[in-house]
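For reference, the structure is listed below as structure tokens.
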Amino acid sequence: MRLATWNVNSLRSRIDRVEKLLERHEIDVLALQETKARVDQLPLMGLESMGYEVASAGFSQWNGVAIISRVGIEDVEVGFEGMPEWGEPQAAEARAIGATCGGVRVWSLYVPNGRKVDDPHFVYKLDWLTRLRAAAQGWRDQPTALVGDWNIAPQDDDVFDISQFRTSTHVTPPERAAFQGFLDDGYADVVRPHAPGPGVYTYWDYYRQRFERNRGMRIDFVLGSPSFAERVTGAFIDTEERAGQGASDHAPVVVDLS
DNA sequence: ATGGTGGTTGCACCA
């Protein structure tokens, strides 16, 4: 089985790229983030004719997550919606959707960005990760994959120049500690061994020719429970998908399972 | 600085 995750930065504006990605890599399950679409807005006809089912959640204009699968979608669950203090529609943000696909529990995650280290959203980000970790501890003994845009660069080599991130989110000790917590609980980054750095990224800003100069960040990850990780036979980052006109600012990450 | 979205069809807000 082949599983992939991609922050698509609008599913509607990139539906053609999604369909070509599925065909090009023969992907069985695709987790998407930043779909920026309500359930009733999704153009599913092409995907359905290709044999895929879709489960999605998302209500605000900048968020939304989905799972696309041709090996079944069972027991769909939406969780970790948003900052409790927020009013509508932000409180209805869907930042995670989980489904069992081909016997594997897949969670498509869009971890809060945090914005600035002194912003309330940064506290929300850490709290959100704490809540996710507590839930993930209960999924560890099943084949579970926590995939998506983690908005954390766990290592200095995961950003193009750490000296430019001294006051930035994504690289702070508490964020990295939160990420490490999942590893401590038995989840493993199943992609890094197959795509080691430095200079290997999953995200490049649109501006300043960041992609052309390979000034990116590795912030999209597939964390697998032990019974998931032991089935991983390979993985790669589809850097080419980031190239050219009309690309998302993130590249897809692909994992193969036995 | 670039790009997507919804709406105030200009512009604010998000990444």
Side-chain angles (χ1 to χ4, degrees), chain A residues 5-21 31-44 56-66 80-83 85-97 108-126 128-129 147-153 158-161 163-165 167-172 175 178-179 201-221 237 239-253:
Chain A
T5 180
W6 189 22
N7 181 323
V8 69
N9 187 17
S10 172
L11 180 51
R12 285 175 295 160
S13 71
R14 257 173 281 285
I15 186 62
D16 290 347
R17 278 181 176 262
V18 169
E19 293 176 1
K20 289 174 181 172
L21 178 79
L32 295 169
Q33 301 86 38
E34 282 202 78
T35 52
K36 297 186 177 179
R38 299 188 305 269
V39 174
D40 61 283
Q41 290 179 314
L42 295 185
L44 307 178
S56 68
F59 305 90
S60 71
Q61 61 183 283
W62 65 88
N63 277 325
V65 285
F80 311 101
E81 285 84 355
M83 197 167 177
E85 295 81 356
W86 287 347
E88 297 290 341
Q90 288 93 335
E93 281 182 345
R95 292 191 171 273
I97 186 168
S108 179
L109 308 172
Y110 182 46
V111 175
N113 175 284
R115 299 185 183 177
K116 304 288 183 184
V117 293
D118 59 352
D119 192 294
H121 291 79
F122 187 77
V123 178
Y124 160 57
K125 179 180 191 174
L126 297 176
W128 193 93
L129 286 163
V147 314
D149 181 355
W150 286 76
N151 271 317
I152 299 172
D158 293 334
V159 298
F160 63 87
D161 181 359
S163 70
Q164 296 193 26
F165 287 76
T167 62
S168 304
T169 59
H170 294 57
V171 300
T172 67
E175 288 167 282
F179 187 87
Y201 310 121
T202 65
Y203 162 83
W204 300 259
D205 254 327
Y206 280 122
Y207 44 57
R208 294 176 179 172
Q209 295 186 301
R210 285 280 172 79
F211 179 70
E212 290 76 4
R213 296 187 293 151
N214 194 32
R215 294 170 78 78
M217 304 170 69
R218 188 199 286 250
I219 55 176
D220 298 85
F221 295 98
I237 299 165
T239 308
E240 287 303 308
E241 174 56 50
R242 177 63 180 80
Q245 291 294 315
S248 168
D249 44 0
H250 293 250
V253 179

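Naming convention: chains lettered A, B, ... in sequence-line order (proteins, then strands); numbering from 1 in each chain. Treat the numbers as computed from the prediction; the structure is a model and nothing was measured. Both backbone and side-chain heavy atoms feed into the values below; hydrogens, waters and symmetry mates do not.
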Next item on the list: Find the distance between CZ (A/Phe165) and OG1 (A/Thr172) and round it off to the nearest 0.5 Å.
Entry: 12.5 Å
Check: Minimum heavy-atom separation for A/Glu34 to A/Val8, with atom names?
Finding: O-CG1, 3.8 Å
Check: Mapping A/Pro112 and A/Ser13 onto DNA chain B by nearest heavy atom, which one lands closer to the 5' end?
Finding: A/Ser13
Checklist line | Length of the line joining A/Lys36:NZ and B/dG6:C1', which is rounded to integer Å | finding: 12 Å
Margin query: Tell me the interatomic distance from A/Phe211, atom CZ, to B/dG3, atom P, rounded to whole angstroms.
Written below: 14 Å
Checklist line | Nearest-angstrom distance from the residue atom CG of A/Asn113 to P of B/dA15 | finding: 5 Å
Check: Could you state the CG-P distance from A/Asp149 to B/dA15, rounded to the nearest angstrom?
Finding: 11 Å
Note to self: Less than 3.5 Å apart, any donor N or O on the side chain of A/Asn9 or A/Lys36 sitting next to an acceptor on the other?
What the structure shows: yes
Next item on the list: Could you check how far CG of A/Asn7 sits from P of B/dG4, rounded to whole Å?
Entry: 13 Å
Item checked: Point-to-point distance, once rounded to the nearest 0.5 Å, from CZ of A/Phe179 to CG of A/Asn151 -> 12.0 Å
Notebook entry, point to check: Over how many whole Å does the gap from A/Arg210 atom CZ to B/dG3 atom C1' extend?
Noted result: 15 Å
Next item on the list: Give the ring-plane orientation class for A/Tyr203 versus A/His250, where under 30° counts as parallel, over 60° as perpendicular and anything between as tilted.
Entry: tilted
Next item on the list: Could you please name the option among B/dA1, B/dT2, B/dA15 that lies closest to any side-chain atom of A/Tyr206?
Entry: B/dT2
Next item on the list: Grab the NZ-P distance between A/Lys116 and B/dC13 for me, whole Å please.
Entry: 15 Å
Next item on the list: Would you mind reading off the distance between A/Tyr203 atom OH and B/dT2 atom C1', rounded to a whole angstrom?
Entry: 10 Å
Next item on the list: With C1' as the reference atom in both, quote the distance from B/dG6 to B/dA1 in angstrom, rounded to an integer.
Entry: 23 Å
Next item on the list: Compare side-chain N and O positions of A/Arg12 against OP1 and OP2 of B/dG6 and report whether any pair is under 4.0 Å apart.
Entry: yes
Margin query: Using OP1 and OP2 only, check whether a side-chain N or O of A/Ser10 sits under 4.0 Å from B/dG3.
Written below: no
Note to self: I'd like the C1' distance from B/dC13 over to B/dT8, given in whole Å.
What the structure shows: 13 Å
Item checked: From A/Leu21 atom CG to A/Asp16 atom CG, the distance as rounded to the nearest 0.5 Å -> 12.5 Å
Note to self: Would you say A/Ser248 and A/Glu241 are linked by a side-chain donor-acceptor pair, where the criterion is simply a distance under 3.5 Å?
What the structure shows: no
Item checked: Position toward the 5' end of DNA chain B (nearest nucleotide), A/His250 or A/Arg14 -> A/Arg14
Notebook entry, point to check: Going through the distances and angles, do A/Phe211 and A/Tyr201 end up as a ring pair (Phe, Tyr, Trp, His ring centres under 6.0 Å)?
Noted result: CA-CA 10 Å; A/Phe211 179 70; A/Tyr201 310 121; over 10 Å; no
Notebook entry, point to check: Counting only side-chain N and O atoms of A/Gln245, is one of them less than 4.0 Å from OP1 or OP2 of B/dT2?
Noted result: no
Item checked: Stem list, DNA chain B (Watson-Crick or G-U pairing under 3.5 Å, at least 3 consecutive pairs) -> B:2-6 with B:11-15
Margin query: Whether A/Arg115 contacts B/dC13 is assessed here as follows: a side-chain N or O lying under 4.0 Å from the phosphate OP1 or OP2. Is that the case?
Written below: no
Note to self: Determine whether the aromatic ring of A/Tyr207 stacks with the base of B/dA1, defined as ring centroids separated by less than 5.5 Å and ring planes inclined by less than 30°.
What the structure shows: yes
Notebook entry, point to check: A/Gln41 has a side chain; which of B/dG6, B/dA15, B/dG3 sits nearest to it?
Noted result: B/dG6
